[in-house]
Novice: 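Let me begin by handing over the structure; questions about it come next.
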Amino acid sequence: MSQAILPPLAGDGAAQNTPGPDGARLATARRRASAPLTVAISALIVLVVIVCAVLHGVINPWAMEQDTQLGSVGIGVWGHALGTDQLGRDVLALLGAGALSAVAGPVVVAAGSLVIGLLLGGVAGYRGGLVDGVVSRYADLVLALPAILLAIVVAGVLGGGYWVTVLVLVVLFSPSDVRLVRGAVMEQMSRPYIESARVLGLSGPRILFRHVVPNVMPVMLANALLNVSFALVAISSLSFLGMGAAVGTADWGLQLADGRALLGSNPLASIAPGVAIVATATSVNLLGHWLADRFEKKAVAR
Amino acid sequence: MSTTAVKAPGTKVAASISWFVARRLLATMLLLVVLSFLIFSLLYLAPGDIAKNLLGTKTVTPEALAAVREQYHLDDPFLVQYWRWLSGVIGGDWGTSIRSGLPVADEIASRAGLTVRLIVLGFLIAAVVSIPAGVWAARRRGTWVDRTLVSGAVVGVSAPGFAVGLLLLFVFAVTLRWFPVYGTGEGFWGQLWHLTLPAIALAVGLGALVVQLTRAAVVRELEQDYVTFQRSRGLSEARVMGTVLRNAAIPIVTSLGLMVTYLVGGTILVEVVFGLPGLGTQLQQAVLFKDVPVVQALTLIVGLVVCLISLAVDLIYLVIDPRILRKAVAK
């Protein structure tokens, strides 16, 4: 999914660097005026979600607790700001507890895919030749498969729940990272510092991981943020379909699926987790784009 | 853009094209083989005893298990089983559903119509709204129009189909009562009526993707020298945009494969949230019930469609962009 969004936007970003010092300064000035507000709001939303995820241990027992009165309650009832769901659980508390599953899985997917990307893509880009051929064909193959379908089928048939889903997504997300790292490393290979490191007699792995990889990291970190956002959408989709988080755990996709039956009596039981997914995914996505833009600016300025 | 650059004799070019096409066909075949192998392995990936899984809800007796082992040739080597399954699938024998006991092919055929209608409608809505929106954003680059559309597209890409569908369902069906909450409707207009909200839910994510692709493609073209040149020659803006759009169409058309992949996931989510009895809900239920023959058949069909479309896109690419032909020939 990520490679789907990246190429046009990357090209677009490069195109915005209008030639000439005046153009560049103007562009930065405009950005400075417009970017911070959306970025600040996004950062705030992400911060709230992370705090909820960290406080999971505090929120969760309270969220899973059922009110004495079984059945849903609409909003405005004392003590239940967003009402309760069909099991009498407080919707707001469940939303807070679900933050853990919205943070942990996507972060693991992005980190795992980044590590695989750095290892395979780095070696492929550095060594070239046969290694590159094999790694590239592997990436082509996985990217050509319909990813979401495979995730649903494999995670569903394995029936392993949340972490199996996360693992399947790592496998499906990593090829685009492999490709990105490979391209970025190959671009670095023609630079003089590689030559001088070789002349100094440094070993291949040392040049790659101590000198090339740090130069590639900024782009990859921005990309990892985008991956977090796509992974959140994918994981909550799978949970919604009943192939991710186990029944009885706090998860936004699951909460939305459960709350659907209450669309007439307490619509917030399903709309609130839906809004939470969209807001969090959008915020992380915007932060990723913002970072990518900034790193690109810096690279151009150098 | 000019065609004069292909200077090689006609036969050599033709040979190179057929070599390119042959290589692409070969790659597609290979991909399908890998996919079919993965799909067949699902039977073995599912936890538990295969014979028991295949029995489904029927009572488990040693005789029944033996019968199932016999029926599915479970005692043969893995590759022999794979080959038997594959030749059966190619010959039109898709097996029987564990859950219903009916032939898989019949079950799929009875549900395919709804899914095809949903996808076509969603695709049309996305194309009609997003392509003009993307062009508009590109022409007004840097203004509030552009920023609004681009931010909207980021929200759209980050919004899973089920969340959008649920919101639409609540606003337009439950609260405003403009559209029905459940069901598929009778007759052409009734069906269209029932499919409108699901199709819009499907179109939101796809449309956001198309807005991003279109905007990027048009922005790239607008920066080309030929645009400056045409403008300095005093050509009308309409004519300038004519050439720009024709060139920008190439990357948009070739992203069709990407859009189809997106639609596959989106359709499943939208059908489930609206409770539509299409292939998407069928896949979800088959996966949850571990009805492996149905899952295998559906996955193979979707995989085949995705592979064929990406093959078709590559071939269309050759036709609409002569530069690619030259590059492919040069390889």
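So you know, we letter chains A, B, ... as the sequences are listed, proteins then strands, and number each from 1.
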Novice: Let me know which of Ile39(B), Val295(B), Val292(B) forms a side-chain contact (heavy atoms from CB on, under 4.5 Å) with Val153(A).
Specialist: Val295(B)

Novice: With a 4.5 Å limit on heavy-atom distance, are the side chains of Ser151(B) and Leu286(A) in contact?
Specialist: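 Counting from C-beta outward, Ser151(B) and Leu286(A) never come under 4.5 Å.
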
Novice: Taking every non-hydrogen pair under 4.5 Å, which of Gly274(A), Gly242(A), Ser270(A), Pro273(A) racks up the most with chain B?
Specialist: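 Winner by heavy-atom pair count: Ser270(A).
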
Novice: Where is the tightest heavy-atom contact between Gln284(B) and Leu241(A), given as atom of each residue plus distance?
Specialist: NE2-O, 2.9 Å

Novice: Return the option, out of Val264(B), Leu288(B), Leu30(B), with the maximum number of heavy-atom pairs under 4.5 Å with chain A.
Specialist: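 Most heavy-atom pairs under 4.5 Å with chain A: Leu288(B).
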
Novice: For Val273(B), is it the side chain, the backbone, both or neither that has a heavy atom under 4.5 Å from a heavy atom of chain A?
Specialist: both

Novice: So which of Thr299(B), Val306(B), Leu169(B) has the largest heavy-atom pair count under 4.5 angstrom toward chain A?
Specialist: Thr299(B)

Novice: Top residue by heavy-atom pair count (under 4.5 Å) with chain B, among Ser237(A), Ala281(A), Pro267(A)?
Specialist: Ser237(A)

Novice: What is the minimum heavy-atom distance between Leu42(B) and Val157(A), and which atoms define it?
Specialist: O-CG1, 3.8 Å

Novice: Distance from Ile277(A) atom CD1 to Ser158(B) atom OG, nearest 0.5 Å?
Specialist: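 These two atoms lie 12.0 Å from each other.
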
Novice: Between Ile268(B) and Ile148(A), does the side-chain contact (heavy atoms from CB on, under 4.5 Å) criterion hold? Intermediate values first, please.
Specialist: CA-CA 10 Å; Ile268(B) 300 171; Ile148(A) 300 179; 5.7 Å; no

Novice: With a 4.5 angstrom heavy-atom cut-off, could you sort out which part of Ser310(B) is near chain A: side chain, backbone, both or neither?
Specialist: neither

Novice: At a 4.5 Å cut-off on heavy atoms, which part of Leu38(B) comes close to chain A: side chain, backbone, both, or neither?
Specialist: side chain

Novice: What part of Val34(B) gets closer than 4.5 Å to chain A, counting heavy atoms only: side chain, backbone, both or neither?
Specialist: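 The side chain, not the backbone.
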
Novice: Which bit of Val272(B) is near chain A, if near means a heavy-atom gap under 4.5 Å: side chain, backbone, both or neither?
Specialist: both

Novice: Based on non-hydrogen pairs under 4.5 Å, which of Val284(A), Leu149(A), Leu150(A) is most in contact with chain B?
Specialist: Leu149(A)

Novice: Using non-hydrogen atoms only, which part of Leu167(B) is less than 4.5 Å away from chain A: side chain, backbone, both, or neither?
Specialist: side chain

Novice: For Phe162(B) and Ser236(A): C-alpha separation, side-chain torsions, deciding distance, then whether side-chain contact (heavy atoms from CB on, under 4.5 Å) applies.
Specialist: CA-CA 10 Å; Phe162(B) 63 89; Ser236(A) 54; 4.1 Å; yes

Novice: Checking Lys290(B) side chain against Gly156(A) main chain: does a donor-acceptor pair fall under 3.5 Å?
Specialist: yes

Novice: In terms of heavy-atom pairs under 4.5 Å, which option from Thr261(B), Val174(B), Leu166(B) contacts chain A the most?
Specialist: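 Looking at each of Thr261(B), Val174(B), Leu166(B) in turn, Leu166(B) comes out on top.
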
Novice: Closest heavy-atom contact between Ala163(B) and Leu256(A)?
Specialist: CA-CD1, 4.3 Å

